[in-house]
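In what follows, every chain begins at residue 1, and chains take the letters A, B, ... in the order their sequences are listed.
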Protein chains: 2
Amino acid sequence: MSDQHVIATYIIETSLPLQRAAEVLAGEQSTGTFVRVERESDDLRARFAAQVESIDEIPLTGASPLPGSVGDPALRRRARLRLRFPLDNFGPSLPNLLAAVAGNLFEIKELAAIRLVDLELPPAFAERYPGPGFGVEGTRRLVGRPDGAMIGTIVKPSIGLSPADLAEVVSQLAEAGIDFIKDDELQGNGPSAPLAERVAAVMPVLERYADRHGRKPMYAFNITDDIGRLEANHDLVVAAGGTCVMACVNLIGLPGLEFLRRHSTVPIHGHRAMFGSFGRSEQVGIGFRAWQKLARLAGADHLHTNGISNKFYETDDQVLDSIAAVREPLLGLTPTVPVLSSGQWGGLAHATYAAVGTTDLLVLAGGGIHGHPDGAAAGVASMRDAWASAARGESADDAFATSPALRRAAELFGPVRV
Amino acid sequence: MSDQHVIATYIIETSLPLQRAAEVLAGEQSTGTFVRVERESDDLRARFAAQVESIDEIPLTGASPLPGSVGDPALRRRARLRLRFPLDNFGPSLPNLLAAVAGNLFEIKELAAIRLVDLELPPAFAERYPGPGFGVEGTRRLVGRPDGAMIGTIVKPSIGLSPADLAEVVSQLAEAGIDFIKDDELQGNGPSAPLAERVAAVMPVLERYADRHGRKPMYAFNITDDIGRLEANHDLVVAAGGTCVMACVNLIGLPGLEFLRRHSTVPIHGHRAMFGSFGRSEQVGIGFRAWQKLARLAGADHLHTNGISNKFYETDDQVLDSIAAVREPLLGLTPTVPVLSSGQWGGLAHATYAAVGTTDLLVLAGGGIHGHPDGAAAGVASMRDAWASAARGESADDAFATSPALRRAAELFGPVRV
């Protein structure tokens, strides 16, 4: 692939001949007009027009066409389409890249489905965007967990805890041997629980734990807010000894994440809240493979991928593809940590490990830890036992034979996935 | 409505009983768990839980359910649902508001459709966010057009013009009597046409025109870019005498727009590129009514609504509802200018005016001006004649009888819409 081009992959559905639909899309997103206007020379088109790289027809899914789409339904076909854009049109700028590869194209009425599913980006993007500052290695170092899956949880209830109750929850989790704790995405900086009060409640607990144990669990404070407040929010966390900040990537925007990255001295935990608004439909929007590349370039050290057997809409295949996508090398950037969450417990470790083949993961369990029949320490132990067993190449049965905490967890969360 | 709550309106589809689905949604987006956990007291739930305000069943549309949705298809029903969220959960912060009203809810598998379609916000948001700094009145003053529709166009070809060619196009448009010119959203700050070169090419032309005519057409330079470059891009435009900057709201993010608003000394032209990625499906995402309120709070002086008979997917009813939405008062903010574009020409003026009842609009025509058979001056004249006629209460026939430029336009762009 040329280092002067971006290749974008789309899924489209159209009643136009596929080649014609591809040209409409390429035209709309580059020279920007179907009708040739004055001063639009052949030379200009040759230099600036997006080109059709490949078109592969795939079966229709039977999903409804997008509202407003035109054309004879009997002629409708579905295809995987790759377009090549000259980098010179926009330069290595993430917002301007998106104008080209994703700008107005979702509104084209000749398309009954239009989804951006992947991006191939030239090295210029990594020259402008440094990507994660910490990633897998930096997070392991700060957490004090050189190998094995990193085990984490979310504060529950999500919102409404008093500072004293929050401190108590965090103390229990630290004593339980947890690596990582995060705020819920609903916990921002509202009047009922200001960030400053949460930091003041949590950090002394973690510092005392660290003094005694030589290891400080990482707490991801949700600092999502207006751009003008991100630096101050970050500084508040770091000044108190905090080792991680969480940002909802789609709520501060990719440029907001990139802005935070330039300032941050701790890992950025990238939450994917609102991903479903453009990611869930199979007919429109942006797929996780494309989106995660942008988030990694913008500096996400951790990125939510969901986990298998989750409570949300995604299939295990989709989740595993997301985890694999985040683990694929990207322009030499520091590797981002995939974050598995939603309905996770120890009984999913072997199946997950068999598919992903690594423990360079942050595995979050809410109920799986808070709700363990014998308490949070047993919850953490059940997760750690299961992942260690999987990494040793044992079967799930082996793990259940040797881990009482995992057996107890199965009473509540079973059946086991093998 | 309480000034301590936000009310969010959704369209949902579900096989659960509607009341139950509403409670799942409310729970996921506030106290965040269906299973009561330790420390989750009745008092906590009463204070922090989102409440179901109303549920109105509406007919199913026949659109496919979202991928991953569960439940018996025979039981599926569609409803308009209003939820009331305590402001204390997130405070008047746009990003944190979105975590609650739009965060993870698009991923809930019990929902076969889930779309945020409106928001009712308390005054606290307008206390934190000043909204547009210029709006209708400020734009009219800068453009020197105290009444009548403001007429504008987009530079074509969208990309690829040399600075000399761009200067020539702008000169022709200024001489044609245009009020407003904008960069295409594809024209950012790429190596082939850096912003600085465009500013250097365009502004001397407009300054010379202003010296001769006492009126400076407004040029919206697309300054969309990383957050750290927005201020410098803005300053470059303003230092050269520019009177407007354009930002693609979804590409810099709402927080990016708000950040720019704090700095900007000229109107911000808000482009809606990528809106379709979350706005087009009727089964998922965020509707224009909800989105435009956020963009106005974040400071958009101008906001793209699309126009009737446009080349994109939206129906005229949708477009007219979008224009009406942008014109509705919002917490005392300065009124934002709706921007009508895509396939616009003079023959649409009477039908549009009949529906919207105002000329406080920016009407952009690309082909309708550049492509007029007698050139750009005739293109502008045809638009201005048509809108003036409509505002005088005349019929389209009257306008055609009195405007040769409009009659000539109809030869190319007709039929007329009445």
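- Interface check for chain B: of the options A:Ala99, A:Gly160, A:Gly256, A:Gly91, the most heavy-atom pairs under 4.5 Å are formed by A:Gly160.
- The salt bridge (charged side-chain N to carboxylate O under 4.0 Å, His left out) check on A:Arg128 picks up B:Asp225, B:Asp226, with sequence neighbours excluded.
- Only the side chain of A:Ile286 comes within less than 4.5 Å of a heavy atom of chain B; its backbone N, CA, C and O stay farther away.
- Neither the backbone nor the side chain of B:Asn250 comes within contact range of chain A; no heavy atom of the residue lies under 4.5 Å from a heavy atom of that chain.
- Using a 4.5 Å cut-off between heavy atoms, A:Leu87 contacts chain B through its backbone alone, with no side-chain atom that close.
- For A:Val70, no part sits under 4.5 Å from any heavy atom of chain B, backbone or side chain.
- In this structure, CG in B:Leu98 is found 12.0 Å from CH2 in B:Trp291, a value given to the nearest 0.5 Å.
- B:Pro130 is listed as a side-chain neighbour of B:Arg262, based on a closest heavy-atom distance under 4.5 Å.
- Considering only heavy-atom pairs separated by less than 4.5 Å from chain A, the leading option among B:Glu168, B:Glu314, B:Gln187, B:Arg115 is B:Glu168.
- With a 4.5 angstrom heavy-atom cutoff, B:Ser281 touches chain A via backbone and side-chain atoms both.
- Using a 4.5 Å heavy-atom cutoff, the side chains of B:Val249 and B:Leu254 are in contact.
- At a 4.5 Å heavy-atom cutoff, the contact between A:Phe275 and chain B is made by backbone and side-chain atoms alike.
- For the set B:Pro95, B:Gly253, B:Gly276, B:Ala273, the count of heavy-atom pairs under 4.5 angstrom toward chain A peaks at B:Pro95.
- Contact detail for B:Leu105 and B:Gln29: the closest heavy-atom pair is N-OE1, 3.5 Å.
- Residue with the most contacts toward chain A among B:Gln318, B:Glu282, B:Arg280, B:Glu185: B:Arg280 (heavy-atom pairs, distance under 4.5 Å).
- If you measure heavy-atom distances from B:Arg229 to chain A, the contacts under 4.5 Å come from the side chain alone.
- If you tally non-hydrogen atom pairs under 4.5 Å between each of B:Gly103, B:Gly188, B:Gly285 and chain A, the highest count goes to B:Gly103.
- Counting heavy-atom pairs closer than 4.5 Å to chain B, the top residue among A:Ala193, A:Ser64, A:Ser162, A:Ala63 is A:Ser64.
- At least one side-chain heavy atom of B:Asp184 sits less than 4.5 Å from a side-chain heavy atom of B:Lys156.
- Counting heavy atoms from C-beta on, the side chains of B:Tyr10 and B:Leu111 never come closer than 4.5 Å.
- Here CG of B:Leu66 is found 11.5 Å from CD1 of B:Ile108. Values are rounded to the nearest 0.5 Å.
- A side-chain donor-acceptor contact under 3.5 Å links B:Asn222 and B:Thr224.
- With respect to chain A, the highest number of heavy-atom pairs below 4.5 Å among B:Leu94, B:Val169, B:Thr315, B:Asn306 belongs to B:Val169.
- Residues satisfying the side-chain contact (heavy atoms from CB on, under 4.5 Å) test with A:Pro191, not counting sequence neighbours, are B:Asp88.
- Contacts with chain B were tallied for A:Gly68, A:Pro86, A:Ser277; A:Ser277 has the most, counting heavy-atom pairs under 4.5 Å.
- Among A:Phe90, A:Phe106, A:Phe259, A:Tyr129, the residue making the largest number of heavy-atom pairs under 4.5 Å with chain B is A:Phe106.
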